[in-house]
Amino acid sequence: MKAGIVGLPNVGKSTLFNCLSNAKAQSANFPFCTIEPNIGVVNVPDPRLQKLEELVNPVRVLPATVDIVDIAGLVKGASKGEGLGNQFLGNIRETDAILHVLRCFDNDNIVHVDGSVDPIRDKETIDMELQLKDLETVDKKLEKVKRAAKTGNKDAQKEEAVLLAIKKGLEEGTSVRAITISKEDHKEFVHPLQFITDKPVMYVCNVDEESAVEGNAYVDKVKAAVAHENAEVIFLAVGTEADITELETYEERQMFLEDLGLLEPGSGKLIRGAYKLLNLETYFTAGVKEVRAWTIPVGATAPQAAGVIHTDFEKGFIRAEVIAYDDYVAHGSEAKVKEAGKMRVEGKEYIVKDGDVMHFRFNV
């Protein structure tokens with residue numbers, strides 16, 4: 001599961017990517033600095049993991065991770081191939097969620113591709129290019145479906161109605177995710193087409209250091225503009241985040257954050273937001289050799305969760321021994337949880353809950 005960072009050139013995408021992944025993508029003050037997408041495997045900050053480490057004192061600790069893709073800046077005309085547009089749009093299509101970076105700061109030394117700072121205009125520029133690409137997709141599909149619908153095929157007629165509603169919405173400047181479609185119709189007719197504007201989105205407002213705690217008027221405008229989209233909006237000072245990641249020690253970083261009035265780097269909030277946007281959650285395994293956070297889709301069963309560790313675990317699944325995270329912390333150890341009768345034995349139908357501490361029994 002991957003989240004792609006998109007936006008116009010020079011809004012801070014590659015700098016943000018560097019902060020998140022420490023993968024030092026090239027960032028410079030001119031368009032198309034990023035051409036090939038950079039992919040970073042980013043650790044998901046989770047205080048529960050630190051607490052389990054304190055209780056178990058393992059040899060090593062492994063956090064959950066999420067893949068972040070730095071996609072080159074889109075420009076007007078991208079849907080028609082302008083500025084390497086086709087390649088960029090293809091890269092976005094391959095991601096599962098979108099982190100849309102908007103420039104929400106003034107700085108005469110950093111050029112803006114459109115000559116002035118206006119995050120709403122920038123958002124609409126990107127939206128239009130993505131919507132135009134989706135319009136191509138729906139038109140191609142409609143050609144085939146209409147032929148089948150004319151023969152009286154009821155399923156084709158139903159699909160045609162859904163696709164025409166999407167076409168109308170896109171032509172009016174509405175992204176697919178904001179068009180009202182029933183769950184059943186979405187699953188059957190919309191999801192298979194992989195519309196770019198159907199992907200979940202988080203708007204990331206890149207602000208100046210002075211606005212890192214409270215945000216600013218630009219951020220307020222963005223929140224108002226996307227209120228109908230059911231999308232999350234966060235703000236962070238990307239340049240300041242880059243300075244924080246350059247500091248050598250945890251203590252230095254904490255002092256820097258305290259001086260700014262922040263409890264944690266904004267990048268941590270963004271990574272957790274991306275994880276949630278991808279519909280992912282975490283379960284833990286805890287032993288003296290290793291305490292580890294494992295990533296699963298929300299709604300995964302116990303065998304599916306076991307399969308994340310190894311496919312043999314899923315094939316030969318017998319049962320799962322499950323401790324709720326809060327019970328583990330309250331009692332302080334696995335042995336004490338067992339004594340208190342708080343360990344549960346769950347079978348193949350069990351839906352894993354975020355934060356479960358699990359041990360699998362299997363036979364291959």
Does atom [atom1] ([X]) have a neighbourhood of more than 12 heavy atoms from anything else shown, all under 6.0 Å?
{"X": "Lys342", "atom1": "NZ", "value": "no"}
{"X": "Lys276", "atom1": "NZ", "value": "no"}
{"X": "His186", "atom1": "NE2", "value": "yes"}

Between [X] and [Y] (side chain of the first, backbone of the second, donor and acceptor by atom type, cut-off under 3.5 Å), is there such a pair?
{"X": "Gln157", "Y": "Ala149", "answer": "yes"}
{"X": "Glu241", "Y": "Gly266", "answer": "yes"}
{"X": "Asp185", "Y": "Ser182", "answer": "no"}
{"X": "Tyr283", "Y": "Val352", "answer": "no"}
{"X": "Thr15", "Y": "Gly239", "answer": "no"}
{"X": "Arg103", "Y": "Val117", "answer": "no"}
{"X": "Asn216", "Y": "Cys104", "answer": "yes"}

Do [Y] and [X] meet the salt-bridge criterion of a basic N to acidic O distance under 4.0 Å?
{"X": "Arg48", "Y": "Asp354", "value": "yes"}
{"X": "Arg121", "Y": "Glu124", "value": "no"}
{"X": "Glu54", "Y": "Lys51", "value": "yes"}
{"X": "Asp118", "Y": "Lys221", "value": "no"}
{"X": "Lys123", "Y": "Glu229", "value": "yes"}

Are Thr137 and Asp134 close enough, and set up right, to give a side chain to side chain donor-acceptor pair (under 3.5 Å), and what steps lead you there?
CA-CA 5 Å; Thr137 302; Asp134 280 349; 4.7 Å; no
Calculate, to the nearest 0.5 Å, the distance between atoms [atom1] and [atom2] belonging to [X] and [Y] respectively.
{"X": "Thr285", "Y": "Arg292", "atom1": "OG1", "atom2": "CZ", "result": "7.0 Å"}
{"X": "Ile92", "Y": "Ile98", "atom1": "CD1", "atom2": "CD1", "result": "6.0 Å"}
{"X": "Leu163", "Y": "Lys141", "atom1": "CG", "atom2": "NZ", "result": "7.5 Å"}
{"X": "Glu160", "Y": "Lys144", "atom1": "CD", "atom2": "NZ", "result": "15.0 Å"}
{"X": "Leu132", "Y": "Glu129", "atom1": "CG", "atom2": "CD", "result": "5.5 Å"}
{"X": "Leu263", "Y": "Gln254", "atom1": "CG", "atom2": "CD", "result": "9.0 Å"}

Could you report the tightest heavy-atom contact between [X] and [Y], atom names first, then the distance?
{"X": "Phe235", "Y": "Glu214", "value": "CZ-C, 3.6 Å"}
{"X": "Ala231", "Y": "Tyr203", "value": "CB-CE1, 3.8 Å"}
{"X": "Ala320", "Y": "Ala302", "value": "CB-CB, 4.2 Å"}
{"X": "Ala97", "Y": "Leu277", "value": "CB-CD2, 3.7 Å"}
{"X": "Pro200", "Y": "Asp96", "value": "CD-O, 3.4 Å"}
{"X": "Val233", "Y": "Cys205", "value": "CG1-SG, 3.8 Å"}

When clusters are formed by joining ILVMFWY residues with side-chain heavy atoms under 4.5 Å apart, either directly or through shared neighbours, do [X] and [Y] land in the same one?
{"X": "Val42", "Y": "Met202", "value": "yes"}
{"X": "Val11", "Y": "Ile5", "value": "yes"}
{"X": "Val207", "Y": "Leu102", "value": "no"}
{"X": "Ile126", "Y": "Ile179", "value": "no"}
{"X": "Ile234", "Y": "Leu20", "value": "yes"}

Side-chain polar contacts of residues 325-336 - donor-acceptor pairs under 3.5 angstrom, sequence neighbours left out - could you list them?
residue, atom, partner, partner atom, Å
Ser333, OG, Lys336, N, 3.1

Walk me through it: do Glu264 and Lys269 pass the test salt bridge (charged side-chain N to carboxylate O under 4.0 Å, His left out)?
CA-CA 8 Å; Glu264 66 166 345; Lys269 185 168 61 174; over 6 Å; no
Is there a side-chain contact between [X] and [Y] (heavy atoms, below 4.5 Å)?
{"X": "Asp106", "Y": "Asp208", "value": "no"}
{"X": "Arg93", "Y": "Lys133", "value": "yes"}
{"X": "Leu16", "Y": "Leu99", "value": "no"}
{"X": "Met1", "Y": "Asp67", "value": "no"}
{"X": "Val138", "Y": "Leu193", "value": "no"}
{"X": "Leu260", "Y": "Glu209", "value": "yes"}
{"X": "Gln194", "Y": "Lys199", "value": "yes"}
{"X": "Asn279", "Y": "Pro297", "value": "no"}

With sequence neighbours left out, write down each residue that passes side chain to side chain donor-acceptor pair (under 3.5 Å) with Asn206, or none if nothing qualifies.
none
The side chain to side chain donor-acceptor pair (under 3.5 Å) partners of Glu346 (sequence neighbours excluded) come to Arg344
Could you walk me through whether Leu170 and Thr197 pass the side-chain contact (heavy atoms from CB on, under 4.5 Å) check?
CA-CA 9 Å; Leu170 288 167; Thr197 66; 4.0 Å; yes
Name each donor-acceptor pair under 3.5 Å that joins a side chain in residues 56-65 to protein atoms two or more places apart or in another chain, with its distance.
residue, atom, partner, partner atom, Å
Arg60, NE, Glu290, OE1, 2.8
Arg60, NH2, Glu290, OE1, 2.6

Name all residues meeting the side-chain contact (heavy atoms from CB on, under 4.5 Å) criterion together with Thr249; count only those two or more places apart in sequence or in a different chain, and write none if there are none.
Glu251, Glu252
Side chains of Glu349 and Thr301 only: does a donor on one sit below 3.5 Å from an acceptor on the other?
no
Does the pair Tyr275 and Thr282 meet the rule for a side chain to side chain donor-acceptor pair (under 3.5 Å), with working shown?
CA-CA 10 Å; Tyr275 197 68; Thr282 302; 2.8 Å; yes
Between Leu236 and Val204, is the side-chain contact (heavy atoms from CB on, under 4.5 Å) condition met? List the steps.
CA-CA 7 Å; Leu236 67 162; Val204 182; 3.2 Å; yes
Excluding sequence neighbours, so at least two apart, what forms ring pair (Phe, Tyr, Trp, His ring centres under 6.0 Å) with Phe195?
none
